[in-house]
There are 2 protein chains.
Amino acid sequence: MNVQLKSAGPNCGDCPIRHRAVCARCEADELAALEKIKYYRNFEAGQTIVWSSDRMDFVGSVVSGFATLTQTMEDGRTQMVGLLLPSDFVGRPGREGSAYDVTATTDVVMCCFHKKPFEQMMISTPHIAQRLLEMTLDELDAAREWMLVLGRKTAREKIASLFSILARRDPKEIANGANDVTFDLALTREAMADYLGLTLETVSRQVSALKRDGLIELISKRRIHVPDLARLMEEAGDDSDGGHIA
Amino acid sequence: MNVQLKSAGPNCGDCPIRHRAVCARCEADELAALEKIKYYRNFEAGQTIVWSSDRMDFVGSVVSGFATLTQTMEDGRTQMVGLLLPSDFVGRPGREGSAYDVTATTDVVMCCFHKKPFEQMMISTPHIAQRLLEMTLDELDAAREWMLVLGRKTAREKIASLFSILARRDPKEIANGANDVTFDLALTREAMADYLGLTLETVSRQVSALKRDGLIELISKRRIHVPDLARLMEEAGDDSDGGHIA
DNA sequence: GACGGTCCTTGACACAGATCAAGCGGGGAA
DNA sequence: TTCCCCGCTTGATCTGTGTCAAGGACCGTC
């Protein structure tokens, strides 16, 4: 699952994201215990991090890179159900397997915890379960917000919704509240189509249309400049301040 | 949020659903504490239980009846993002407001807890946060499964998916595993359309088509007989045993 | 029993997006 | 440099679902 963080936690080690996902309210000794069960894993672009049928023996956070969660029907139709950006959490404490395929779309570094000891820490450290509950509620809000996008928005609105999210979550732009934003598009047109419930041709046409209408500029095919984020969000049909989605 | 329960908990009071949602692992004294902060609320069919802009001062479970969670855009397009059946949990511990409109579609009885004391119990009783985390993970799975329905399934598959879920969750049929099922349809054609991302006319046409093809029989407009649930699930494009969705 | 209201069904037609098809372009390999 | 490949764009056409419209079924009220 992926999580949008509301606030950074204290420094609890040399992990670049410093366990923000799980330690915002932890005490020093709890952080030290987390340190002991942590390790790093690297994945290459295109590599599958977890298969939906796998038993997952770890939980963790994305440190750098970009990954996706997808579901696939037997006949090959696929739907992306979540994006994983740096600081997002992956894993299902208390669950056996993964429900989705998790795939790296760029090179990815993950900060992981072995699942068993992490679950034990959850029991001994109530903050952690509470923090995970909060994060999971954020996920749920994001998933349901995306249901509105999938069920009721037009192709143009869908693209605008996706770009609004990516613009607001870009590592370099995050939290600066600027209205003029540039971001990297880690997704192919096909991956965008799978997230939006469209075909790649429709995605390509609508991206061209947004460019023609001056809502976006293509610095390259995978780098987007948004001169007026508020206008793009309006195009997406978002209410004034927009939902937070990942 | 709504939750599909995996197992019934112990009896912890006179509430018809016996706090199953929150007390499956609670001790007797914890159950007694829950009893003290519980109360009942009744809603009539069509009544709004919570507005999305409201501050929610309670959490609770549906005891009887049928309710829905919906999101609406300014221009009136609406998307249902969840169904609430008996034993499902409503509320966002640790959060200020509701993110969705919650509406009773039949008469509804809720077993509620005042939010502040419930949150205090969550802190003093780690089982509860862990149980809520499990429930929220179930919700998240259900929401993401529904994203696949919204993004990639045809109108016919969408209707078949909805009927499969309702057939498997009907209070009278639940857990008996029968392949020949009859259930009440608490939703209007319009509400079904809002859940499925369709128009009510398309819903009506596809229901007629499923009837014509012998996959369902209409005992009345709001009561459905499924002679072969496995075949209906196949029509929905579900993998063999189907996901659990609500 | 007639009336009115709500929900539902069905038909005719329109259109957004899918499908099929052709070709472009930029980056890596030799 | 040239070539190739993959991701992307664009055009032409098709089709599933939306839209608009008419009327039917059921139910409660007078």
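Every chain is numbered from 1, with letters handed out A, B, ... down the list of sequences. A quick note: this is a predicted structure, and the numbers were derived from the prediction, not measured.
A straight line from CG of A:L200 to P of C:dA21 spans 15 Å, rounded to a whole angstrom. Remark: C1' of C:dT6 and CD of B:E190 are 11 Å apart, rounded to the nearest angstrom. Taking atom CZ of A:R77 as the reference point, atom C1' of C:dA18 lies 13 Å away to the nearest angstrom. We find that CZ of A:R189 is positioned 19 Å from P of C:dC24, with the value rounded to whole Å. In this structure, B:I159 atom CD1 and C:dC8 atom P are separated by 12 Å, rounded to whole Å. The NZ atom of A:K211 sits 7 Å away from the P atom of D:dT10 (whole-angstrom rounding). Distance, A:M192 CE to D:dT9 C1': 13 Å, rounded to whole Å. Rounded to an integer number of Å, the gap from A:L218 CG to C:dG25 P is 14 Å.
Between A:T202 and A:T199, the side chains place a donor N or O and an acceptor N or O closer than 3.5 Å (distance only, hydrogens not considered). For the residue pair A:N42 and A:D107, no side-chain donor N or O sits within less than 3.5 Å of a side-chain acceptor on the partner.
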Per-nucleotide protein contact along nucleotides 12-27 of chain D, 5' to 3', at a 4.0 Å heavy-atom cut-off (B base, S sugar-phosphate only, - neither), is B----SSBB-------
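B:M56 pairs in a side-chain contact (heavy atoms from CB on, under 4.5 Å) with only one of the listed residues (B:V102, B:I49, B:V50), which is B:V50.
Residue-environment remark: CZ (A:R55) stays at or below the threshold of 12 foreign heavy atoms within 6.0 Å. Heavy-atom neighbours of B:E217 CD from other residues, nucleotides or ligands within 6.0 Å: above the threshold of 12.
For B:T188, whose side chain is taken as the heavy atoms from C-beta onward, the closest listed nucleotide among D:dT9, C:dC8, D:dG7 is C:dC8.
Nucleic acid contact class of A:S220 (heavy atoms, under 4.0 Å, all strands): none.
The stretch residues 152-166 of chain A participates, sequence neighbours left out, in these salt bridge (charged side-chain N to carboxylate O under 4.0 Å, His left out) pairs: A:R152-B:D194, A:K153-A:D238, A:R156-A:D213, A:R156-A:E235, A:E157-B:R77.
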